[in-house]
Number of protein chains: 2
Amino acid sequence: MVSNRGSRRRSRGPSIEDVAGLAGVSAQTVSRVANEAGNVRPATRERVLRAMDRLGYTPNRAARALRNGAFGSIGLIARTFARTGEALTTQSVVEAAEAEGYSVTLLAVREPEAGGWRHAVQRLSHQAVDGLIIIRAEETTPESFLLPSGMPVSVSDSRFIGYYPDVGADQVQGTRDAVEYLLGLGHATVHHLAGPPDSEPATTRAASWHRTLEGAGISPPPAWRGDWSARSGHEVGREIVADDSVTAVYVANDDMAFGLLRAAHEVGRRVPEELSVVGFDDIELSEFSEPPLTTVRQDFRRAGHELVRLLLQQVTEPGSVGYDERVLLPTTLVVRGSTAPPPPPR
Amino acid sequence: MVSNRGSRRRSRGPSIEDVAGLAGVSAQTVSRVANEAGNVRPATRERVLRAMDRLGYTPNRAARALRNGAFGSIGLIARTFARTGEALTTQSVVEAAEAEGYSVTLLAVREPEAGGWRHAVQRLSHQAVDGLIIIRAEETTPESFLLPSGMPVSVSDSRFIGYYPDVGADQVQGTRDAVEYLLGLGHATVHHLAGPPDSEPATTRAASWHRTLEGAGISPPPAWRGDWSARSGHEVGREIVADDSVTAVYVANDDMAFGLLRAAHEVGRRVPEELSVVGFDDIELSEFSEPPLTTVRQDFRRAGHELVRLLLQQVTEPGSVGYDERVLLPTTLVVRGSTAPPPPPR
DNA sequence: TGGTGCTACGTTGACGTTAACATTCTGCGT
DNA sequence: ACGCAGAATGTTAACGTCAACGTAGCACCA
């Protein structure tokens, strides 16, 4: 609750009263002009507009927010904004929010522990925010923190499904498409390089992979694990490519798939002739890897839009969105050059 | 200036008066507790804290902002937040701002034309923001828009150098390192795949490439142009790899370099044996391309921190930062597998 | 000519917080 | 017991905006 920001005080700009004085009208009339309410004579409006222009007047947002009880701002919480998935979602959240006249305030969670998230929410609830979007809340559970009651929330790819309205790619279907495609190519089984165990998308993808194999009558091999980063994909990728029995790998995201591709190149294991690789996400660079990556595309742009829509619906009409509402976005398998039938058994 | 957001009115939470009532003290005392001012008896403080807890009280930011004339928030303007460079900078700006108790509000500029930027600034100046960070303001000039006077600003990689305090990688040095390294490998000349002409970093890198070649007594060949995207790198890359006389290319960023690498693979032009490629940025995936990309690393994290530092210094001490202040961040040439001596001439 | 109804504009007050000033309380010395 | 310094707490007012209500002015009709 610290806030001794000392002398942080900007020189205040012109206020509505200054404009009113210059235009020779009351503040209320200026307000009417500023808000495009009717009932202002064109001549008066002109005079006020000129006065605004001359003084460089812009309405004070804090005063408006105080008056209206709303801030025109959405809080966006994530662990980082730098990774591809988060960056793309952030961008589309900003676009959608802007279209509705809202701005977006960012808050990063530093420490992975639950304490970090609680702290983040604490801080954000001190922010001027009408609602919260939480993306990739990987390391915590809904019980571990309390939001200010009545605060609208929508979440994505998190463990909060069932607690708050949720938006996410249909990972179950996407995974099934990928695994079945590989099986259809003739691979005896499909291995999996999973994301971190505390991540909801990672566990969902792993579970769907597991079930798809079982559904095909195949006993799933143990999965490898990375942390979403290309570096981790490269590290465990070295083990994977060293195992000649592995002919097909479904990797939980494209970054790690890049690492695996690299590991394969390093030992001369040819992709796709000797090893098929499928990623998830379809980031911009996936089309340009060597070989171009077959991957499950998810629509980050739409996810951001849906998150905002779901959130603002709660803001406008409290109670209009069920806490268990889910938006499942379809995925598409994009077949490129990293997949092929398995090599003939020796 | 539209703002008829109709019924956007949240049920207001508990106010300082509610807490004061419950704790049996005055609002001022609650305020003192909330702001950790001294002069409150421990017993009283306890009582107030309990009351806050019970009511779930959090100070109203709008009221604070109105009272204090400051918002505790930094505006971040960019064309997009999804591209690697912007995403990394955004992340580090958020980190640095948070460390100082500020939050970050995003604003994207949709249309590339000057009008878009002006609109953005208009909107942001309506936001509750103590200062502005502008990154990659590629398509406009400082004259084309007016900020609210006295608004602190810091900028990066833009045409605003000399108008506002600026932070950026030392692209001149970085480029020189790259080009001289290729020359030192024995290449007769170095070609350049540049960024879009309206971008400051693009023109700076191109100019430095030009001068470095001239300094070595080499007449620079015409440069190719992309738009920073991997796709554009791939498109013009097809022309580049079709030209046998080209043995070394300095590419203005890593994304485009990925596209070029792909084009080379497609026609079987071997990298680095037949063609050397150097990128700029050192994004996470550069280490994992085939071959791993030699590139000029720039420190996005530090750039974000410096942007915030420069901005907050202006907020705290108006006039303490010159409008022509520049922070030049050193770059590092990271040599990996995409560069080698030229093939012997046929 | 006097009312009637409408439009343009003004006045008041409240949103929640806190600086500045005012008051009350506490403990201590005499 | 009394007075006094200093600490603890209370009161007032103002930050800028706008909804609600109030009033003045005008056009129109009987």
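In the text below, chain A, chain B and the rest are named by the order of the sequence lines, each starting its count at 1. Heavy atoms only: backbone and side chains are in, while hydrogens, waters and symmetry mates are out.
Atoms CG (B:L66) and P (D:dA14) sit 14 Å apart, rounded to a whole Å. Between the CZ atom of B:R67 and the P atom of C:dA20 there is a distance of 8 Å, rounded to whole Å. Put simply, CD on A:E17 is 12 Å from C1' on D:dC18, counting in whole angstrom units. For the pair A:R64 CZ and D:dC15 P, the computed distance is 19 Å after rounding to whole Å. Atoms CG (A:N68) and P (D:dG16) sit 16 Å apart, rounded to a whole Å. Here the C1' atom of nucleotide C:dT17 and the CG atom of B:D18 are 13 Å apart, to the nearest Å. In this structure, the CD1 atom of B:I16 is 6 Å from the C1' atom of C:dT17, given to the nearest Å. D:dA14 atom P lies 18 Å from atom CG of A:N60, rounded to whole Å.
Nearest heavy-atom pair across A:S92 and A:G304 is OG-CA, 3.3 Å. Minimum heavy-atom separation, B:T105 to A:T105: OG1-OG1, 3.1 Å. Annotation for A:T90 and A:F81: closest pair OG1-CD2, 3.5 Å, computed over non-hydrogen atoms. The nearest pair of heavy atoms linking B:A87 to A:A87 is CB-CB, 3.8 Å. Taking all atoms of both residues into account, the shortest heavy-atom contact from A:R47 to A:A23 is NH1-O, 2.7 Å.
Electrostatic pairing of A:R79 and A:E86 does not count as a salt bridge here, judged by no charged N lying under 4.0 Å from a carboxylate O.
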**OP:** Go through the steps to decide whether A:I135 and A:L307 satisfy the test side-chain contact (heavy atoms from CB on, under 4.5 Å), and finish with yes or no.
**Re:** CA-CA 9 Å; A:I135 58 179; A:L307 280 167; 4.0 Å; yes
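Taking for each of B:G24 and B:A63 the nucleotide of DNA chain D with the nearest heavy atom, the 5'-most of the two is the partner of B:G24.
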Original post:
Given Watson-Crick or G-U pairs with both distances under 3.5 Å, what dot-bracket string fits DNA chain C, with | for other-strand pairs and [ ] for crossing?
Top reply: ||||||||||||||||||||||||||||||
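By the side-chain hydrogen bond (donor to acceptor under 3.5 Å, both in side chains) test, B:R309 is found to be paired with B:E306, B:Q313, residues two or more places apart in sequence or in another chain being considered.
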Could you write out each protein N or O paired with an N or O of nucleotides 7-9 of chain C at a distance under 3.5 Å?
residue: C:dA8; atom: OP2; partner: A:N39; partner atom: OD1; Å: 3.0
residue: C:dC9; atom: OP1; partner: A:R41; partner atom: NH2; Å: 3.2
residue: C:dC9; atom: OP1; partner: A:T44; partner atom: OG1; Å: 2.5
residue: C:dC9; atom: OP2; partner: A:R41; partner atom: N; Å: 2.8

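For the side chain to side chain contact (heavy atoms under 4.5 Å, CB included) test with B:I16, the passing option among B:V33, B:V30, B:N60 is B:V30; the others fail.
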